[in-house]
Each structure stands twice: as structure tokens, then as C-alpha cells.
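Step one of this worksheet: look at the structure below.
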Amino acid sequence: MLKKISMLLMLVLLLTVTGCEPTEKITGKKGDVKDVTGQQNPITTVVKDPNPLTKEFVVYRVQKNGEEILIPEKVRFAAGKKSREEAALDALIHTDPVSKQLMNLFPPGTDVHSVKVSGDTATVDFNQNFASRGQGSFTERMMVNAVVCTLTEFPEIKKVKFLVDGKEIDTISGHMDLLDPLTRNPDVLKKPDKKKEEKK
């Protein structure tokens, strides 16, 4: 009698276990989800963008060949809670160019404290690293113009004023006068190809 009861209990337990087949199984080395429920619709996982505030900016890069012409480059950058002007400069300073023919001239540790826009003038307050001494005329000229051209991509900004740690500076290394606001310099921008323009 006891043997029959034991066998009956084992049979019930076996049926219970086989009846609890999981609806999903993890298979494969990449953690693919296999649907074993017989449903036709596949299981889909939607991953939200970790940087929903990512924006596209046009920044101006320096050429490695030493030519004093700035090249515009589009960069996608996580702006976070910063203003678009601050985010644009962060993208200029803290990202490397996509093209191998371009380079980032900003001294290590350069950062932007703030960008304040009043009328048509943007006042940029950099940290001390921006004004590191010993920079040659090419570096100073192209670095300053890269900032001006990047900010004047915004239509309402026509001039850029430079500060370091909240104070006015007359120059970085003696090659450019930075006391007055600067406008975009067309001489450092790549000229349109006349032949291509004529074909149009």
C-alpha cells in the first residue's frame, strides 16, 4: 500500500514539474531570447537613448598641414543642461576631429566656465588653461578664430568677447588683441570652389 502511495506521489510531482515549462529561455552566447510560447510575435526590447539631449553642432577645426584655413565639421554632442553655446564650445574643445587631416589645438585641461549672450555679443569665460603661455602665432590665431566661428554659427551672435577666470585679457601669447570683441574673420574660412560654383 505504501509503495503505491509513494509511486502516486512521484507521478503527481513529475506532472507538476513538466507542466511548469518556462515561457522564455536564454540561448546563445549573446543572450538571445527564444520564445517557446508558440506566439508568432517576436519579443522586442526597446532601449531608450541614454543621452536624449544630444544635439548636432557645427564646429571649426584646424588643419594639420599648417594652412590657416578652418574647416567646419558637424559633431553630435550630449549637451545636458548646458546652454547650446556652452555645449557647442564643449564639442569643439573636448572632441577629436573625425577627419585625420584635422586636429584639436586646445591645451589640455581647457574648459568653459560660461557663455553669456547679450545682444549680438557672446562673452566666453574660459579657465586658465586656455591662456597657457608659450603658444605660437599659428596656434593662438587658429584657436581663437575656431571659437569665434563656432559661436557665430548661431545667427544672432556676431561678436565674441574673451575672458579668463572672469577677467578680461589683452592677449594669450602676444599675437592677437583680445580686449575688444572679435567678429568672424572670412580670411580663415575655406573659400568656395569657383569651378563648382560655375557648374551650378
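- Remark: side-chain polar atoms of Thr171 are not paired, donor with acceptor, to backbone N or O of Asp177 under 3.5 angstrom.
- Between the Asn129 side chain and the Pro108 main chain, a donor and an acceptor come within less than 3.5 Å of each other.
- At distances below 3.5 Å, not a single donor-acceptor pair connects side-chain atoms of Asp111 with backbone N or O atoms of Phe126.
- Met176 places a side-chain heavy atom less than 4.5 Å from the side chain of Leu182.
- Taking each heavy atom of Pro72 and Val58 in turn, the nearest pair found is CB-CG1, 3.9 Å.
- In this structure, Val147 and Leu92 have side chains that are in contact, with non-hydrogen atoms separated by less than 4.5 Å.
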### Message
Under the criterion side-chain hydrogen bond (donor to acceptor under 3.5 Å, both in side chains), I'd like the reasoning laid out for Thr95 against Arg76: C-alpha separation, chi angles, the key distance, then a yes or no.
### Response
CA-CA 10 Å; Thr95 63; Arg76 291 192 64 80; over 6 Å; no

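- Between Leu89 and Val115, the shortest heavy-atom distance links the atoms CD1-CG2, 3.9 Å.
- By the salt bridge (Lys or Arg N to Asp or Glu O under 4.0 Å) test, Glu140 pairs with no residue at all, sequence neighbours left out.
- Salt bridge status for Arg184 with Glu153: present, with a side-chain N to carboxylate O gap under 4.0 Å.
- Minimum interatomic distance between Glu73 and Pro97 (heavy atoms only, all atoms of both residues): OE1-CA, 3.3 Å.
- One N or O on the side chain of Thr152 and one on the backbone of Cys149 form a donor-acceptor pair closer than 3.5 Å.
- Between Met143 and Phe106, some side-chain heavy-atom pair lies under the 4.5 Å cut-off.
- For Lys64, the NZ atom is densely surrounded, since the number of other residues' heavy atoms within 6.0 Å is greater than 12.
- Only one option out of Leu105, Ile69, Thr139 pairs with Val62 in a side-chain contact (heavy atoms from CB on, under 4.5 Å); it is Leu105.
- Cluster annotation: Leu178 and Leu163 are assigned to distinct hydrophobic clusters (Ile/Leu/Val/Met/Phe/Trp/Tyr, side-chain heavy-atom contacts under 4.5 Å, transitive).
- Here the side chains of Asn127 and Asp165 are in contact, with some heavy-atom distance below 4.5 Å.
- In this structure, Asp125 contributes its side chain and Gly166 its backbone to a donor-acceptor pair below 3.5 Å.
- Side-chain contact between Val160 and Val124 is present, with heavy atoms from C-beta onward closer than 4.5 Å.
- Distance alone, capped at 3.5 Å, places no donor-acceptor pair between the Glu85 side chain and the Val117 backbone.
- Taking 4.0 Å as the cut-off between side-chain N and carboxylate O, Glu168 and Lys161 count as a salt-bridged pair.
- Between Glu56 and Val75, the closest side-chain pair of non-hydrogen atoms is not below 4.5 Å.
- Contact between Pro107 and Phe130 at its shortest, heavy atoms only, is CG-O, 4.3 Å.
- Annotation for Ser173 and Ser132: closest pair OG-O, 4.1 Å, computed over non-hydrogen atoms.
- At least one donor-acceptor pair under 3.5 Å links the side chain of Ser83 to the backbone N or O of Glu86.
- Every residue two or more places apart in sequence or in another chain that forms a side-chain contact (heavy atoms from CB on, under 4.5 Å) with Gln101 is listed here: Ser99.
- Taking the six-membered ring for Trp and thresholds of 30 and 60 degrees, Phe154 and Phe57 have ring planes more than 60 degrees apart, a perpendicular arrangement.
- Met103 and Val188 end up in the same hydrophobic cluster when Ile, Leu, Val, Met, Phe, Trp and Tyr side chains are linked at under 4.5 Å.
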#### Entry: Steps toward side chain to side chain contact (heavy atoms under 4.5 Å, CB included) verdict (Thr54, Phe77)
CA-CA 5 Å; Thr54 297; Phe77 190 79; 5.8 Å; no

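- In this structure, Arg61 and Leu70 have side chains that are not in contact, with every pair of non-hydrogen atoms separated by 4.5 Å or more.
- Side chain of Lys158 to main chain of Pro155: a donor-acceptor pair is present (N/O by atom type, distance under 3.5 Å, no hydrogens or angles).
- Taking OG1 from Thr110 and NE2 from His94, the interatomic distance works out to 7.5 Å, rounded to the nearest 0.5 Å.
- Taking CZ of Arg141 as the reference point, atom NE2 of His175 lies at 12.0 Å (rounded to 0.5 Å).
- A pairwise comparison of heavy atoms in Val59 and Thr150 identifies CA-OG1, 3.6 Å as the closest pair.
- The shortest side-chain heavy-atom distance between Ile71 and Tyr60 does not fall under the 4.5 Å cut-off.
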